[in-house]
Amino acid sequence: MPNGPGKALRDLGRAAGGALVFALPMLMTTELWVMGFYLDRLRLFTLLVTAFPLLVLLSRHIGFESTSAWADDILDSFLALGLSCVVCAILLAIFGVIDHETPAGEIVGKIAIQMIPAAIGALLAKSAFSSVSAEKPPVEREETYGGELFLMMIGALFLGFNVAPTEDVMIISYQITEWHSLLLVVLSITIMHGFVFAVGFAGGSEVTPEEPWWSPFIRLTLPGYVIAFSASLYLLWIFARTDGLSVTGAVMAAIVLAFPSAIGAAGARLIL
C-alpha cells in the first residue's frame, strides 16, 4: 500500500491508541497525580532526559513505522512524546485531575510523569495493532544479544513504572524479613528462567534444546535480573521512594519492585 495521508493518519491513530492502552492504568493512579504536583522537577527532568535515548532505541528495534535512519527514529520518538502529551492531557482533563484553575507548573508535572509509559505504548503500536497482511512488511533487523537485553530493560521499566509509584512496594518492603527478600529473589529468578525457556529469544541469544540449563541461565536469566533490579532502583529514586532509607532499606524495596520488573523483563517478547 503506497504512502499517503491515509496511512499517516492510520499510523498516528495506532500510536495514540498504543499510548492510551499502555498509560491508562497510570493515568488512573492517584499516587501519580500527587507526584506530578510535588515531585522534584530535577527528577522529572532526569526521567525525560534518560528516557529519550531509550525511546530512540525502541523506535530502532520496533517503532510504529519501519525506519532506516537514526534521524527517523529521533523524529518518531519526538512524535511519540508529542502524542503522549496530548493523550495524557486530554485524559487527565476528562478525569478532572487538571483544569483551567490548575497552576501551569502542576499541569506540566502531572503530564510529564505520565508521558514516558505512554510514549513506549505509542512506539509499540505497530507491533501491537498492525495487520501484517494489510501493510508492507517491515524492514527486517537482525536480532542481537544486546538488543534482547535492551528489550528486557524496556519490559522491566514498563511493568516497574506501573508499580513503583504506589505505597504498596514500600509497605511490603517494611513487612518482609531478609529471608523473605531472599526467597523473593529466588522466585523472581526462577520465574524469569521459566520465561526464557517458554518464550525463547531470537537471534544470537536464541535458546536451543541442546543447550545445558546453565547456559541460558548465565547468559540471559541472571543479566535479566540485574537489569530488572537496576531498573527498579532507578524508578524508586525517580519517585523519591529511596529518600531517607538506609542502604538495606533501599535494597529491600528494590527487591520487592524487581519481582514485577523481572517478570516484565523476561516476558518482554510477549509484552513488546
Side-chain angles (χ1 to χ4, degrees), residues 3 5 7-27 32 36 41-92 107-130 135-136 138-144 146-162 164 227 230-231 234-235 238 264-265 268-269 271-272:
N3 293 332
K7 181 181 183 304
L9 288 175
R10 188 167 60 250
D11 285 342
L12 288 176
R14 284 176 180 154
L20 177 61
V21 169
F22 273 66
L24 191 57
M26 285 154 278
L27 284 166
L32 279 172
R41 283 341 185 219
L42 177 60
R43 298 191 195 221
L44 278 179
F45 179 74
T46 301
L47 175 64
L48 293 174
V49 168
T50 55
F52 187 75
L54 295 181
L55 294 175
V56 173
L57 289 172
L58 184 59
S59 175
R60 169 62 41 166
H61 278 276
I62 300 177
F64 57 80
E65 66 174 359
S66 300
T67 58
S68 57
W70 284 103
D72 295 331
D73 295 309
I74 292 172
L75 288 175
D76 280 354
S77 299
F78 275 119
L79 177 59
L81 285 171
L83 280 171
S84 301
C85 179
V86 172
V87 169
C88 292
I90 291 174
L91 265 295
L92 290 175
I107 292 176
V108 170
K110 289 182 176 181
I111 293 176
I113 205 170
Q114 306 274 4
M115 282 172 54
I116 302 307
I120 292 174
L123 288 174
L124 294 175
K126 185 165 189 174
S127 62
F129 301 135
S130 66
E135 296 187 357
K136 181 180 177 180
V139 176
E140 292 291 333
R141 294 191 177 99
E142 181 183 355
E143 294 289 351
T144 64
E148 293 294 348
L149 294 182
F150 169 73
L151 289 181
M152 292 175 85
M153 180 188 299
I154 294 296
L157 286 171
F158 173 69
L159 276 192
F161 213 108
N162 278 269
I227 288 171
S230 301
Y234 165 78
L235 289 172
I238 287 290
R269 271 295 167 196
I271 299 173
L272 310 180

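These values consider heavy atoms only, across backbone and side chains, with no hydrogens, waters or symmetry-generated copies.
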- request: First locate atom CG of L235, then atom CZ of F161, and finally report the distance between them rounded to the nearest 0.5 Å.
  value: 6.5 Å
- request: To the nearest 0.5 angstrom, please state how far the CZ atom of F52 sits from the CG atom of L58.
  value: 12.0 Å
Just distance, no hydrogens or angles: give the donor-acceptor pairs under 3.5 Å from side chains in residues 107-114, sequence neighbours left out.
from, atom 1, to, atom 2, distance (Å)
K110, NZ, V97, O, 3.4
K110, NZ, E106, OE2, 2.7
Q114, OE1, L27, N, 3.4
Q114, NE2, M26, O, 3.1

message: Walk me through whether L47 and Y234 qualify under side-chain contact (heavy atoms from CB on, under 4.5 Å).
response: CA-CA 9 Å; L47 175 64; Y234 165 78; 3.7 Å; yes
query: So L54 and L157, side-chain contact (heavy atoms from CB on, under 4.5 Å) or not? Walk me through it.
result: CA-CA 10 Å; L54 295 181; L157 286 171; 3.6 Å; yes
ring-ring contact (aromatic ring centres under 6.0 Å, His included) partners for F45, two or more places apart: none
message: I need the I227 CD1 to I154 CD1 distance, nearest 0.5 Å.
response: 10.5 Å
- request: Not counting sequence neighbours, which residues clear salt bridge (Lys or Arg N to Asp or Glu O under 4.0 Å) with R43? List them please.
  value: D243
query: So, for D76 and S59, which heavy atoms are closest and what is the spacing to 0.1 Å?
result: CB-OG, 3.6 Å
Side-chain heavy-atom pair M153, L149 within 4.5 angstrom cut-off: no
Between CG on residue L55 and CE on residue M115, distance to nearest 0.5 Å: 9.0 Å
message: Distance check, rounded to the nearest 0.5 Å: L79 atom CG versus I74 atom CD1?
response: 13.5 Å
V56 to D73 - nearest heavy-atom pair and separation: O-CB, 3.9 Å
message: How close do A80 and A119 get, counting heavy atoms only, and between which atoms?
response: CB-O, 3.9 Å
Rounded distance (nearest 0.5 Å) linking atom CD1 of I116 with atom CD1 of I238: 9.5 Å
